[in-house]
Student: 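Got a structure for you, written out below as structure tokens; questions coming shortly.
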Protein chains: 2
Amino acid sequence: MGSYSPAETAEKSGFSIDTLRYYEKIGLLSGIARNASGRRVFSDDDLSWLEMLRCLRGTGMPIAEMLRYSELARVPGTVAERLELLQAHDRRVEEQIALLREQQSRIKWKIGIYGSALTGACAAQRDEGDLAATGAVNGTAAATAGRG
Amino acid sequence: MGSYSPAETAEKSGFSIDTLRYYEKIGLLSGIARNASGRRVFSDDDLSWLEMLRCLRGTGMPIAEMLRYSELARVPGTVAERLELLQAHDRRVEEQIALLREQQSRIKWKIGIYGSALTGACAAQRDEGDLAATGAVNGTAAATAGRG
DNA sequence: CTCCCACCTGGAGTGCACTCCAGGTCAAAC
DNA sequence: GTTTGACCTGGAGTGCACTCCAGGTGGGAG
């Protein structure tokens, strides 16, 4: 229904105008309409394709793979391949989130260490450097002081 | 307690030897011991610091900020700053995960579309191109064929 | 008519985080 | 005694994904 200038599209899609041009150049966007004076005119379909691209990029899919996906998307009868590609990616995203959570919990644990160092600090604060992680647990702090 | 060669440290930490050298060069690692012939000898404390670095990098903290953190970690009495830095990062990680989940659900939705296209396909398979996202919903498919 | 602004193009430049390389050292294996 | 392999250094090179730039066009405002 709608048609959108490059600036509007950039705003709506979250990609910069330069990125939109770049995506068109490398083939992630094809069949973008032009008006009489050669300017790009984006459609609602372009917008939703861009939204999809944003999800893929935002979840860490490399450009090369997005390119493969968009090539598939241009060819009828490739639904199985597209499905497979997205499913594989979805699994990677799942792993990515799991790893993130794991690493985040390590960080939260460290935050807890610092938190109790601050509250219990008045009494306990010596020159502690940082007590590199397990250092705070296994008592190697003295040898550690000065690095963190 | 233990002491580790660069190769062992690379294996245990998950950073390449080159990255370890690089990290030492830019100041993320300081006070790494050397043996008589000038080779690096990593300690358990170094390992756990590396583990921390891995969590920070792995959750998307830029090198520059890790550098700031490691500088703080060398100075006693900076626990409050370190705490603040990690908390701010933790919030970003939370947002990152939320965004990832949101984008993932969009991808899963698309997977669902493809899934039902495949199962219900025998009857319904026309030249559909891709049905760019909402295209599959709002009926613009015909106009969309050939892009995806 | 002139100015400005949003846009166009091809191509060069950027930032980040490594990664690789050439040339050299040392200790242990053969 | 020489070969091997893991390591050292400074510095150059890489890959990715943009981002910027110079020079140019077309349409509407003043």
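Worth knowing before you read on, the calculation uses all heavy atoms, side chains too, and leaves out hydrogens, waters and symmetry mates. Per chain, numbering begins at 1; letters A, B, ... match sequence-line order.
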Student: Rounded to whole angstroms, how far apart are CZ on Phe42(A) and C1' on dA6(C)?
Tutor: 13 Å
Student: For Glu51(A), is there an ion pair with Lys110(B) - N to carboxylate O distance below 4.0 angstrom?
Tutor: no
Student: Hey, are the side chains of Thr9(A) and Ile17(A) touching, using non-hydrogen atoms and a 4.5 Å cut-off?
Tutor: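 Sidechains of Ile17(A) and Thr9(A): no contact.
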Student: With respect to the phosphate group of dT9(C), does any side-chain polar atom (N or O) of Arg21(A) fall under 4.0 Å of OP1 or OP2?
Tutor: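 It does not, given that no N or O in the side chain of Arg21(A) lies less than 4.0 Å from OP1 or OP2 of dT9(C).
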Student: Decide whether Asp44(A) and Tyr4(A) meet the rule of one side-chain donor and one side-chain acceptor closer than 3.5 Å.
Tutor: yes
Student: Closest nucleotide of DNA chain D for Tyr22(A) versus for Glu24(B): which of these residues is on the 5' side?
Tutor: Glu24(B)
Student: Report the residue (Ala64(A) or Gly38(B)) whose heavy-atom-nearest nucleotide on DNA chain D is the more 5′ of the two.
Tutor: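 Checking each residue's closest nucleotide, the 5'-ward one belongs to Gly38(B).
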Student: If you compare every side-chain N and O of Arg40(A) against the phosphate oxygens of dC7(C) (OP1, OP2), does one of them come in below 4.0 Å?
Tutor: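 Answer is no, no contact under 4.0 Å.
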Student: Answer yes when Arg40(A) and Glu24(A) have at least one side-chain N-carboxylate O distance shorter than 4.0 Å, and no when they do not.
Tutor: yes
Student: Distance only, no hydrogens: is a donor on one side chain within 3.5 Å (strictly under) of an acceptor on the other, for Ser30(B) and Arg74(B)?
Tutor: yes
Student: Establish, with yes or no, whether the OP1 or OP2 oxygen of dC18(D) is under 4.0 angstrom from a side-chain nitrogen or oxygen of Tyr23(A).
Tutor: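 Answer is yes, contact under 4.0 Å.
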Student: Grab the CG-P distance between Asn35(A) and dA6(C) for me, whole Å please.
Tutor: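 To the nearest whole Å, that distance equals 16 Å.
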Student: Between dG10(C), dC7(C), dG10(D), which nucleotide has the shortest distance from any of its atoms to the side chain of Lys25(A)?
Tutor: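 From the listed options, dG10(C) comes nearest.
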Student: Check for me, please, whether Leu118(A) and Leu85(B) land in the same ILVMFWY cluster - side-chain distances under 4.5 Å, paths through other members count.
Tutor: yes
Student: Measure CZ/Arg54(A) against P/dA17(D) and give the value in whole Å, please.
Tutor: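 Those two atoms, CZ and P, are 14 Å apart.
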Student: Please list, by residue number, the residues of residues 6-19 of chain A whose heavy atoms come closer than 4.0 Å to an atom of DNA chain C; answer none if no residue qualifies.
Tutor: Pro6(A), Ala7(A), Ile17(A)
Student: Taking the six-membered ring where the residue is Trp, are the ring centres of Tyr69(A) and Trp49(A) under 6.0 Å apart?
Tutor: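 That pair passes the under 6.0 Å test.
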Student: Nearest whole Å is fine: how far is dA6(D) C1' from Leu20(B) CG?
Tutor: 14 Å
Student: Specify the separation, in whole Å, of atom CD of Glu65(B) and atom P of dC16(C).
Tutor: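 One finds 13 Å between P of dC16(C) and CD of Glu65(B), rounded.
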Student: Rounded to whole angstrom units, what separation is found between the CD1 atom of Ile26(B) and the C1' atom of dG11(D)?
Tutor: 16 Å
Student: Salt-bridged, Arg82(B) to Glu71(B), with N to O below 4.0 Å?
Tutor: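 The answer is no: the pair does not qualify as a salt bridge.
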Student: For a quick test of reading the model: is some side-chain N or O of Arg34(B) closer than 4.0 Å to OP1 or OP2 of dT9(D)?
Tutor: yes
Student: List the steps and the verdict of salt bridge (charged side-chain N to carboxylate O under 4.0 Å, His left out) for Arg57(A) and Glu65(A).
Tutor: CA-CA 10 Å; Arg57(A) 267 311 284 135; Glu65(A) 196 173 344; over 6 Å; no
Student: Just the table, please: protein N/O against nucleotides 24-30 of chain D N/O, every pair under 3.5 Å.
Tutor:
none

Student: Please list, chain by chain and in numerical order, all residues satisfying side-chain hydrogen bond (donor to acceptor under 3.5 Å, both in side chains) with Ser16(A), sequence neighbours excluded.
Tutor: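 Counting only residues at least two positions away or on another chain, Ser16(A) forms a side-chain hydrogen bond (donor to acceptor under 3.5 Å, both in side chains) with Thr19(A).
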Student: Between Ile63(A) (CD1) and dG15(D) (C1'), how many Å, whole number?
Tutor: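 Rounded to the whole Å, the gap is 13 Å.
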Student: Can you check the Leu56(B) CG to dC16(C) C1' distance for me, whole Å?
Tutor: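 Computing the Leu56(B):CG to dC16(C):C1' distance gives 17 Å.
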